[in-house]
Colleague: 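Have a look at this one.
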Amino acid sequence: MGEMKIEYINPFLMAASSVLQTACNIQLTSGKPYVKTTSFNEDSIVICIGITGQIGGQALIAFSKEVACDIASKMCMMPIESLDDLATSALCELGNMVLGNAATMLSTKGVIADITPPIIIKGNFVMERTYARNVCIPMTYDNDKVVEFDVSITEEPGR
């Protein structure tokens, strides 16, 4: 398993904070990053986006169903109580905005990264293959709502 350079994480955190502030009027507070397995429980909603180019891997944005509905409600400017087509579309667009901004930030540092279309994964699952150690950065808003950013990137794409 490849090692991940820490300088690849900051663009994702900066992009996430910026996009959630702009699109949802949410102020995120970063928690302490840690290495974790990519396993999620029954209540999980995960946006998964692949990263290709000079670096490869994936970024996951995970939250509980309650937080996913709250964020989708803020994005759509209307109450959303279930993860219907509108909500999942909004969450996918959130993933596109965060990862697109992160790829742009990486390009200013000379690192070319493209992103794949986002997919939404719901429920209990484990990702068995990762490209590098998965670094999880929990971020909170409104004191108790958690958005988890998991980043797993290697400089050995295709590995």
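In this chain, residues are counted from 1 in sequence order.
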Colleague: For S44 and N41, what are the C-alpha separation, side-chain angles and deciding distance, and is it a side-chain hydrogen bond (donor to acceptor under 3.5 Å, both in side chains)?
Modeller: CA-CA 6 Å; S44 297; N41 66 30; 3.1 Å; yes
Colleague: Which heavy atom in P11 sits nearest to a heavy atom in A102, and how many Å separate them?
Modeller: O-CB, 3.8 Å
Colleague: I need the minimum non-hydrogen distance between F12 and Y8, along with the two atoms involved.
Modeller: CD1-O, 2.9 Å
Colleague: Can you list, by chain and residue number, the hydrophobic cluster partners of M14 when the side-chain cut-off is 4.5 Å?
Modeller: M105
Colleague: Pairs in or reaching into residues 61-87: which pass side-chain hydrogen bond (donor to acceptor under 3.5 Å, both in side chains), with residues at least two apart or in two chains?
Modeller: D70-Y141
Colleague: Please report the shortest heavy-atom distance between M75 and A90, naming the atom on each side.
Modeller: CE-O, 3.3 Å
Colleague: So, using side-chain contact (heavy atoms from CB on, under 4.5 Å) as the criterion, who are the partners of I115 when residues are at least two apart?
Modeller: I49, N96, L99
Colleague: Check whether any side-chain heavy atom of T38 lies under 4.5 Å from a side-chain heavy atom of S152, and answer yes or no.
Modeller: no
Colleague: Taking all heavy atoms of I137 and all of V135, pick out the closest pair and write down the distance.
Modeller: CD1-O, 3.8 Å
Colleague: Is there any ring-ring contact (aromatic ring centres under 6.0 Å, His included) pair reaching into residues 18-44, and which pairs are they, with sequence neighbours excluded?
Modeller: F40-F125
Colleague: Any side-chain heavy atom of T140 sitting closer than 4.5 Å to one from L28?
Modeller: no
Colleague: Taking all non-hydrogen atoms of both residues, which atom of N134 and which atom of D150 are closest, and how far apart?
Modeller: OD1-CB, 3.3 Å
Colleague: Going through the distances and angles, do Q21 and Q27 end up as a side-chain hydrogen bond (donor to acceptor under 3.5 Å, both in side chains)?
Modeller: CA-CA 6 Å; Q21 166 63 41; Q27 295 287 336; 2.2 Å; yes
Colleague: Which pair of heavy atoms, one from I51 and one from Q58, lies closest together, and at what distance?
Modeller: CD1-C, 4.0 Å
Colleague: Between S17 and M139, is any pair of side-chain heavy atoms under 4.5 Å apart?
Modeller: yes
Colleague: Residues sharing M78's hydrophobic cluster, by side-chain heavy-atom contacts under 4.5 Å among ILVMFWY, directly or via others?
Modeller: I80, L86
Colleague: For the atom pair CD1 (I55) and CD1 (I153), what is the distance rounded to the nearest 0.5 Å?
Modeller: 4.5 Å
Colleague: Would you indicate whether the side-chain heavy atoms of L91 and I71 approach each other to under 4.5 Å?
Modeller: yes
Colleague: What's the separation between atom CG in L94 and atom OG in S89, rounded to the nearest 0.5 Å?
Modeller: 11.5 Å
Colleague: Evaluate the side-chain proximity of I61 to V147: yes if any heavy-atom separation is below 4.5 Å, no if none is.
Modeller: yes
Colleague: Considering residues at least two apart in sequence or located in another chain, which fulfil the side-chain hydrogen bond (donor to acceptor under 3.5 Å, both in side chains) criterion with K36?
Modeller: E148
Colleague: Could you check whether any side-chain heavy atom of I121 comes within less than 4.5 Å of a side-chain heavy atom of L60, counting everything from C-beta outward?
Modeller: no
